[in-house]
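Remember, it's 1-based here, ligands and their atoms both numbered in the order they're listed. None of these values were measured; they are calculated from a predicted model.
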Amino acid sequence: MLNERNPIPVKEAIAKVQACYQTGQTEWVPVTEAATRILAMDITADHHVPPFDRSPYDGYALRSDDTTGASAEQPKKLEVVGHIGAGSVHSEPLTDHQAVRIMTGAAIPKGADAVVMLEDTAAEEIEGRTYVNIMKPSAQQQNISFKGEDVQKGEVIIKKGTEINPGVIALLATFGYASVPVAKKPVIGVIATGSELLEVSEPLEPGRIRNSNAYMISAQLERAGAIPRYYGQLADDLASSIEKISAVLEEVDFLITTGGVSVGDFDLLPEIYQALEADVLFNKVAMRPGSVTTVTTTANNILFGLSGNPSACYVGFELFTRPLIDHFLGKRQIGLPAVEAVLDVDIPKANPFSRFMRGYYYFQDQTVFVQLAGKDKSNMVHSLANANCLIELPGGTAGFNKGDRVLIHRLGE
Ligand SMILES: Nc1nc2c(c(=O)[nH]1)N[C@H]1C(S)=C(S)[C@@H](COP(=O)(O)OP(=O)(O)OC[C@H]3O[C@@H](n4cnc5c(N)ncnc54)[C@H](O)[C@@H]3O)O[C@H]1N2
Ligand code: MOO
Ligand SMILES: [Mg+2]
């Protein structure tokens, strides 16, 4: 019975996982640690930016009426009654023929309605008093950076679900967010299975290989914004595997295993799911690689049974696990962003099932081109290092030619 498998279309499989989506909690982190996190609340401006009218130049704040007719030959002479830099305020209102020497960022004094740049003026001392000769007429409101011209109080300035980039950090700091509400990262357990596996530090032995998937998945988890928790390798032993997996399920938001999901004599995951009384959402997907990817649910957890083959494991994670993490984090972009690209290689092989090939895209002449990242068999590992996208070739299609347009799913964003 365990060997009976019904392949379902990729979209259907993604939708089945989607039905289990849950959004995680919010936590507050210092703004210095908020970069790359996902904002958990809309941020609304509680004041105008700038908060006061200010000078965008070093120069003189004055009354524009006093500059009418000013020229280099016939400058208008104003008395300089103050001198302020950014951070200082000149509190006396200006009256006729007065100016305040003002630096970029300083508040415009009351009574002034324009700023003339230093370059259009000449200072002069007469009998111990300071004057400025204005050599250019100024229009009302010229060279003033107005209160609220950047952000209006009450505006939603950053939406919940936004990834915090350096620009978002600038806004958060502007509005006094010393700590920032972000989506709590899901803790996701990683277990590798298979008696053939050696740990990364162990020397090779006959018939055995090093466990690369657990480390790869952990890195994929980090890239997706989750916290990987690696629980080690399980030998192909049913009782101890059930015990370990049951215990781990109590400690993590989701669990990923790699290997042992196919129909081999030592592929124990189907029996483990049965022992855990897990509901199997699917155990076969009409796709290559990763056709044996299995997703099951228990009362309070989701288990991703990714293939043991490295490339199938990688693709299974990106297609099925990653969207769940995006949802958990409340991201606005769910799953890998897809764009069209021009194939820069012939792919003659027909696709009875949907295929997700490791691709390498690049820009040339303002066009996105894509090539294969390397050899594409599901049990190969080399091409993964060079892949920056997955090329989707829909099931039921014949081969593709260089120049054809294909959909690529961009990795690493
Ligand atoms: N009779 C059939 N045989 C196979 C089928 C099938 O439908 N019928 N499916 C094939 C496909 S497709 C895949 S993919 C693999 C899936 O195998 P499992 O998920 O059961 O994984 P394992 O058997 O444990 O290992 C497969 C392969 O991957 C290597 N491996 C396992 N874990 C790791 C790891 N952590 N790091 C690196 N490499 C790992 C393992 O040594 C095997 O070589 O089954 C096909 N067979
Ligand atoms: O479909 Mo397997 O999952 O070839 O790699
Ligand atoms: Mg197997």
Side-chain angles (χ1 to χ4, degrees), residues 1-10 13 188-202 204-221 228 230-238 241 244-245 255-274 280 282-296 303-321 349-358 374-385 387 390-393 395:
M1 181 204 104
L2 289 174
N3 289 356
E4 264 179 38
R5 300 216 177 176
N6 263 333
I8 63 170
V10 178
I188 303 187
V190 179
I191 292 180
T193 70
S195 295
E196 78 279 26
L197 299 179
L198 293 164
E199 258 309 351
V200 62
S201 53
E202 293 181 290
L204 285 182
E205 290 173 21
R208 302 186 71 186
I209 58 161
R210 290 197 188 94
N211 164 16
S212 56
N213 291 354
Y215 298 95
M216 173 184 78
I217 295 167
S218 297
Q220 286 177 290
L221 284 168
Y230 176 43
Y231 285 94
Q233 301 170 177
L234 297 181
D236 298 322
D237 174 71
L238 189 59
S241 296
K244 178 75 180 177
I245 289 177
L255 175 63
I256 298 176
T257 60
T258 169
V261 278
S262 187
V263 296
D265 294 340
F266 304 102
D267 290 335
L268 300 179
L269 265 300
E271 280 174 85
I272 294 171
Y273 296 136
Q274 238 185 10
V280 178
F282 54 85
N283 58 13
K284 190 98 184 167
V285 188
M287 65 186 253
R288 291 283 184 275
S291 62
V292 295
T293 307
T294 301
V295 180
T296 66
L303 290 80
F304 292 88
L306 303 182
S307 165
N309 277 333
S311 289
C313 180
Y314 186 99
V315 170
F317 175 93
E318 296 297 339
L319 288 189
F320 303 112
T321 316
K349 201 169 157 187
N351 307 289
F353 306 104
S354 292
R355 255 169 109 195
F356 292 86
M357 304 183 83
R358 277 83 74 201
K375 292 180 193 164
D376 200 72
K377 284 191 176 168
S378 80
N379 58 8
M380 292 185 169
V381 69
H382 190 171
S383 61
L384 286 172
L390 299 176
I391 306 171
E392 179 174 354
L393 304 179

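- Between Ile209 and ligand 1, a contact under 3.5 Å exists for no N or O pair.
- Closest to atom 7 (O) of ligand 1 among all protein heavy atoms lies Lys284 NZ, 3.4 Å.
- For Asn379, the closest heavy-atom approach to ligand 1 does not fall below 4.0 Å.
- Between Arg358 and Pro289, the shortest heavy-atom distance links the atoms NH1-CG, 4.1 Å.
- What you find for Ser354 and Val10 is that their closest heavy atoms are CB-CG2, 4.0 Å.
- Rounding to the nearest 0.5 Å places CG of Asn211 at 4.5 Å from CD of Gln233.
- In Leu269, neither the side chain nor the backbone holds a heavy atom less than 4.0 Å from any atom of ligand 1.
- In this structure, Arg5 has no heavy atom closer than 4.0 Å to ligand 1.
- Where the criterion is an N or O separation shorter than 3.5 Å, residue side chain and backbone included, Ser291 fails it with respect to ligand 1.
- Screening Ser311, Pro310, Cys313 for a side-chain contact (heavy atoms from CB on, under 4.5 Å) with Val381, the sole residue that qualifies is Pro310.
- Residue Asp267 holds the heavy atom nearest to atom 23 (O) of ligand 1 of all those in Thr257, Leu197, Asp267.
- Distances between N or O atoms of Gly260 and those of ligand 1 include at least one value under 3.5 Å.
- Under 4.0 Å from any atom of ligand 2, one finds heavy atoms of residues Arg288, Pro289, Gly290, Ser291, Val292, Ala312, Ser378.
- Checked by distance only, ligand 1 and Thr258 stay at 3.5 Å or farther apart across all their nitrogen or oxygen atoms.
- Any N or O atom pair closer than 3.5 Å counts here, and Ser378 shares no such pair with ligand 1.
- Phe317 places a side-chain heavy atom less than 4.5 Å from the side chain of Leu221.
- The heavy-atom pair separating Gly260 from Pro270 by the smallest distance is O-CD, 3.5 Å.
- Protein heavy atom at the shortest distance from atom 15 (C) of ligand 1 is Asn309 ND2, 3.6 Å.
- Distance check: Ile191 CD1 to Ile272 CD1 gives 8.5 Å after rounding to the nearest 0.5 Å.
- At a cut-off of 2.8 Å, measuring from the Mg ion (ligand 3), the protein N, O or S atoms that fall short of it are Asp267 OD1, Asp267 OD2, waters left aside.
- Atoms NZ and CE, on Lys349 and Met357 in that order, are 7.5 Å from each other to the nearest 0.5 Å.
- Nearest protein heavy-atom contact of atom 37 (C) of ligand 1 is Ser212 OG, 3.4 Å.
- Listed by number with element, the atoms of ligand 1 under 4.0 angstrom from any heavy atom of Gly259 are 19 (O), 21 (O), 24 (O).
- A donor-acceptor distance shorter than 3.5 angstrom exists from the side chain of Ser307 to the backbone of Asn309, with no hydrogens or angles considered.
- Comparing Ser262, Gly207, Gly194 by heavy-atom distance to atom 6 (C) of ligand 1, the nearest is Ser262.
- Within a 6.0 Å sphere centred on CZ of Phe266, other residues, nucleotides and ligands contribute 12 heavy atoms or fewer.
- Taking each heavy atom of Leu255 and Ile245 in turn, the nearest pair found is CD2-CG2, 3.8 Å.
- With respect to atom 35 (N) of ligand 1, the closest heavy atom belonging to the protein is Asn211 OD1, 2.9 Å.
- Atom OG1 of residue Thr321 and atom CD1 of residue Ile256 lie 4.5 Å apart, to the nearest 0.5 angstrom.
- Phe304 and Tyr273 get closest at one heavy-atom pair: C-OH, 4.4 Å.
- If you check which protein heavy atom lies closest to atom 25 (O) of ligand 1, you get Gly308 CA, 3.9 Å.
- Between Leu204 and Arg210 the shortest heavy-atom distance is N-NH2, 3.8 Å.
- In this structure, the side chains of Leu197 and Arg208 stay at 4.5 Å or more apart for every pair of heavy atoms.
- The nearest protein atom to atom 42 (C) of ligand 1, hydrogens excluded, is given as Glu196 OE2, 4.1 Å; this is a heavy-atom distance.
- When atom types are taken as modelled, the side chain of Thr193 and the backbone of Thr258 share a donor-acceptor pair closer than 3.5 angstrom.
- Looking only at heavy atoms of the protein, atom 14 (S) of ligand 1 is closest to Ser307 OG, 3.0 Å.
- Note that the CG atom of Asp236 and the CD atom of Glu196 stand 6.5 Å from one another [nearest 0.5 Å].
- At the top of the distance list for atom 8 (N) of ligand 1, counting protein heavy atoms only, stands Val263 CG2, 3.6 Å.
- With rounding to the nearest 0.5 angstrom, the CG atom of Asn283 is 4.5 Å from the CZ atom of Arg5.
- Lys375 has its side chain out of reach of His382: every pair of non-hydrogen atoms, C-beta onward, lies at least 4.5 Å apart.
- Heavy atoms from both the backbone and the side chain of Asn213 come within less than 4.0 Å of ligand 1.
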